[in-house]
Trainee: 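Below is a structure I'd like to ask you about.
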There are 2 protein chains.
Amino acid sequence: MPLSTRESIIALAENHIQQNGYNAFSYYDIAVQLGIKNAAVHYHFPKKKDLLKGVLDKSEQHFQNMVELSKHNDINYMDKLNRFLKIYDDNLNRQNRVCLMGALATDLFTLPDHLRPALNQLVEAMKNWLTQILEEARNAGEFKFDGVASDRAALICSSMAGALQLARVLGNKEYEVIKSQLIKDLIK
Amino acid sequence: MPLSTRESIIALAENHIQQNGYNAFSYYDIAVQLGIKNAAVHYHFPKKKDLLKGVLDKSEQHFQNMVELSKHNDINYMDKLNRFLKIYDDNLNRQNRVCLMGALATDLFTLPDHLRPALNQLVEAMKNWLTQILEEARNAGEFKFDGVASDRAALICSSMAGALQLARVLGNKEYEVIKSQLIKDLIK
DNA sequence: GTCTATATGTCGATAGAC
DNA sequence: GTCTATCGACATATAGAC
C-alpha cells in the first residue's frame, strides 16, 4: 500500500540524514521530492526536531520488526546475526548510506537535548539484542569469542558503523572485508 | 611559539568539524573565537573549501609526524600501534571529538568534488602505514592474526572510528572495551 | 591583515486563505 | 491538508577603506 504523506516525509528525512547528516537537508528538499510546499511539511512536523523524532521512532520500529522476524524464522544464531548485519548491508546498497547512529553521532551536540535519550535508547536496544544473541550462541557452541558478550557486541556495532563510512572514502570493498572478518572471528 | 592567525583558524575549523561536522560551523563562529571579524577569516581562506583543504593538509602532516616519531622512538610494534591509537585517544579526550574520517564520511557527498581525493589519500596513507606495521609485527612474531594485514588494518580503522561515535551515544566506556579487544585480538 | 558594510541566498518557522 | 506569502536569523562571500 502507498505511504501516507507523513510516512513519506519520514522516509525521505531518514534518507537525507543517513546520506548527508541532520544539518545538510531542509524542509524545502523534502517538499520538492514530494511535489508539495514547504509549509505542508511543517503541518506534519512543526519543528525539525519533531521530524527527527519521527525518524528515530521509525528506526526503532524497524529494528523491532527485525527482532520479531528473527524470533519466528531463524533456525540458528548465524541466521540471526546475518539478519542484524543485513541492516548495514541495506544501507550500503542504498547509495552508501551510513547507519543512523554513525550519522547522528557526529551531529549529536547540535541536536536538541531531549532527543539524545531517544538515540541512546535505540542504540542500547540494538547492542543489548546483539549481546544476548552472542551470549546464547557461545553457550550453544555455535560462536566462539573471548571476553564478555556485551564488549563483543560493542565491537561489532562500532566496526559496522565505521565500515559504512570507510566504504565511502576508500570504496565498498572495505565494507566486505571488515564484515567477513567479524564473522570469521566468531566461528574460528 | 604562538600560532599564526592562519594556523589558529585551521585548528579551530578542525575542532568544529570533528565536534559537529563540516556543515554545522560558520566563518562567524571562528571569527568570534579569535576576536576578529568574518571578513578577516575570508582573507586567509576565501572559500570554505579552502579552509577544509587546510584542515586536511594539517591532519596529513600530523599523521606524518606520528610516523616519523614512531620510526625514531618506538622499540617494538606495540609501541607503534599505541602511538597510532593515541590519535583516537586524543580525540576522545578532547570533548569527544570523532575522528576526521568519521566526521567527513557523513558529510562526504556535500563536499566539493575535488576535496574527496585529499580525504581519500589521507585515509589510505593511514591504512597503508597500519597495514605495514601489522604485517611486520606478525612476521616478527609479536602480533598474531588471520587473513591479510590490509584487511585487519581496515577493521581497526573502522572500529576505532566507530568507537568514538559509540562513545558519544552510549558513554566513554564503550571506547575502552572496543580498543582493548582490538589489542587483545592481536596478541592472544 | 583587519575593518565596515553589504550583497545574495537559504534556512526554519508561522499566519491566514482555501 | 495544502497553499501563498512572508518574517527574522544566519550562512557564504565580496568590495573597498584603513
Side-chain angles (χ1 to χ4, degrees), chain A residues 1-56 103-104 106-116 118, chain B residues 1-56 103-104 106-116 118:
Chain A
M1 61 192 151
L3 296 181
S4 67
T5 300
R6 184 190 158 85
E7 289 168 329
S8 297
I9 292 170
I10 289 177
L12 288 168
E14 179 197 76
N15 217 39
H16 278 293
I17 290 171
Q18 294 187 230
Q19 282 286 344
N20 304 320
Y22 179 72
N23 296 304
F25 80 98
S26 71
Y27 274 59
Y28 178 77
D29 293 328
I30 290 178
V32 168
Q33 289 178 289
L34 287 177
I36 60 178
K37 298 296 172 183
N38 190 0
V41 182
H42 276 285
Y43 166 79
H44 294 279
F45 299 95
K47 310 290 177 74
K48 202 176 182 184
K49 65 186 178 194
D50 302 320
L51 180 47
L52 177 57
K53 184 63 164 53
V55 170
L56 287 168
L104 292 180
T106 300
D107 299 332
L108 196 71
F109 302 144
T110 72
L111 304 181
D113 281 348
H114 62 285
L115 281 178
R116 284 190 230 175
Chain B
M1 63 196 149
L3 297 180
S4 67
T5 301
R6 184 191 157 85
E7 290 168 328
S8 297
I9 292 170
I10 290 177
L12 289 169
E14 180 196 76
N15 217 37
H16 278 293
I17 290 172
Q18 294 187 229
Q19 283 286 344
N20 304 321
Y22 179 73
N23 296 302
F25 81 97
S26 71
Y27 273 57
Y28 179 76
D29 293 327
I30 289 177
V32 167
Q33 288 178 290
L34 286 178
I36 58 178
K37 298 297 171 182
N38 189 0
V41 183
H42 276 285
Y43 166 80
H44 294 281
F45 300 94
K47 310 290 177 72
K48 200 175 182 182
K49 65 186 179 195
D50 302 319
L51 180 48
L52 177 56
K53 183 64 165 52
V55 169
L56 288 168
L104 292 180
T106 300
D107 299 331
L108 195 69
F109 302 144
T110 73
L111 304 181
D113 281 349
H114 62 284
L115 280 178
R116 285 191 229 173

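Throughout, a chain's letter reflects where its sequence line sits, starting with A, and its residues are numbered from 1.
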Trainee: Rounded off to whole Å, could you give me the CD1-to-P distance for the A:I36 and D:dT4 pair?
Mentor: 12 Å
Trainee: Calculate the interatomic distance between A:I30 atom CD1 and C:dG12 atom C1'; express it in whole Å.
Mentor: 12 Å
Trainee: The side chain of A:T5 is closest to which nucleotide in this list: D:dT2, C:dC11, D:dC3?
Mentor: D:dT2
Trainee: State, yes or no, whether a side-chain contact exists between B:L51 and B:I30 at a heavy-atom distance under 4.5 Å.
Mentor: yes
Trainee: Can you check the A:L51 CG to C:dC11 C1' distance for me, whole Å?
Mentor: 14 Å
Trainee: With sugar-phosphate meaning primed atoms plus P, OP1 and OP2, does A:Y27 contact a base, only sugar-phosphate, or nothing at under 4.0 Å between heavy atoms?
Mentor: sugar-phosphate
Trainee: Rounded to the nearest angstrom, tell me the gap between atom CG in B:L111 and atom C1' in D:dT12.
Mentor: 16 Å
Trainee: Of all heavy-atom pairs between A:K48 and A:Y22, which one has the smallest distance, and what is that distance?
Mentor: NZ-O, 2.9 Å
Trainee: How many angstroms lie between CG in A:L52 and CG in A:D107, if you round to the nearest 0.5 Å?
Mentor: 9.0 Å
Trainee: What is the distance, to the nearest angstrom, from the CG atom on B:N38 to the C1' atom on D:dT14?
Mentor: 10 Å
Trainee: On the nucleotide D:dT12, are OP1 or OP2 found under 4.0 Å from the side-chain N or O atoms that B:K49 carries?
Mentor: no
Trainee: Would you indicate what A:F25 reaches in the nucleic acid, counting non-hydrogen atoms under 4.0 angstrom: base, sugar-phosphate, or nothing?
Mentor: sugar-phosphate
Trainee: Hey, is the side chain of A:S26 poking within less than 4.0 Å of OP1 or OP2 on C:dC11, counting only N and O atoms?
Mentor: yes
Trainee: Can you tell me if B:K37 touches the phosphate of C:dT2, counting only side-chain N or O atoms and a distance under 4.0 Å to OP1 or OP2?
Mentor: no
Trainee: Could you tell me whether the phosphate oxygens of C:dG1, OP1 or OP2, come under 4.0 Å of any side-chain nitrogen or oxygen in B:Y43?
Mentor: yes
Trainee: Indicate the atoms forming the closest heavy-atom contact of A:R116 with A:F109, along with that distance.
Mentor: NH1-CD2, 3.9 Å
Trainee: Are A:H44 and D:dT2 close enough that a side-chain N or O sits under 4.0 Å from OP1 or OP2?
Mentor: yes
Trainee: Answer yes or no on whether A:K53 is positioned over the face of A:F45, meaning its NZ or CZ is under 6.0 Å from the six-membered ring centre and within 45° of the axis.
Mentor: no
Trainee: Over how many whole Å does the gap from B:Y28 atom OH to C:dG9 atom C1' extend?
Mentor: 19 Å
Trainee: Rounded to whole Å, please give me the gap between CD1 in B:I9 and C1' in C:dT2.
Mentor: 11 Å
Trainee: Mind calculating the distance between NZ (A:K48) and P (C:dC11) to the nearest angstrom?
Mentor: 9 Å
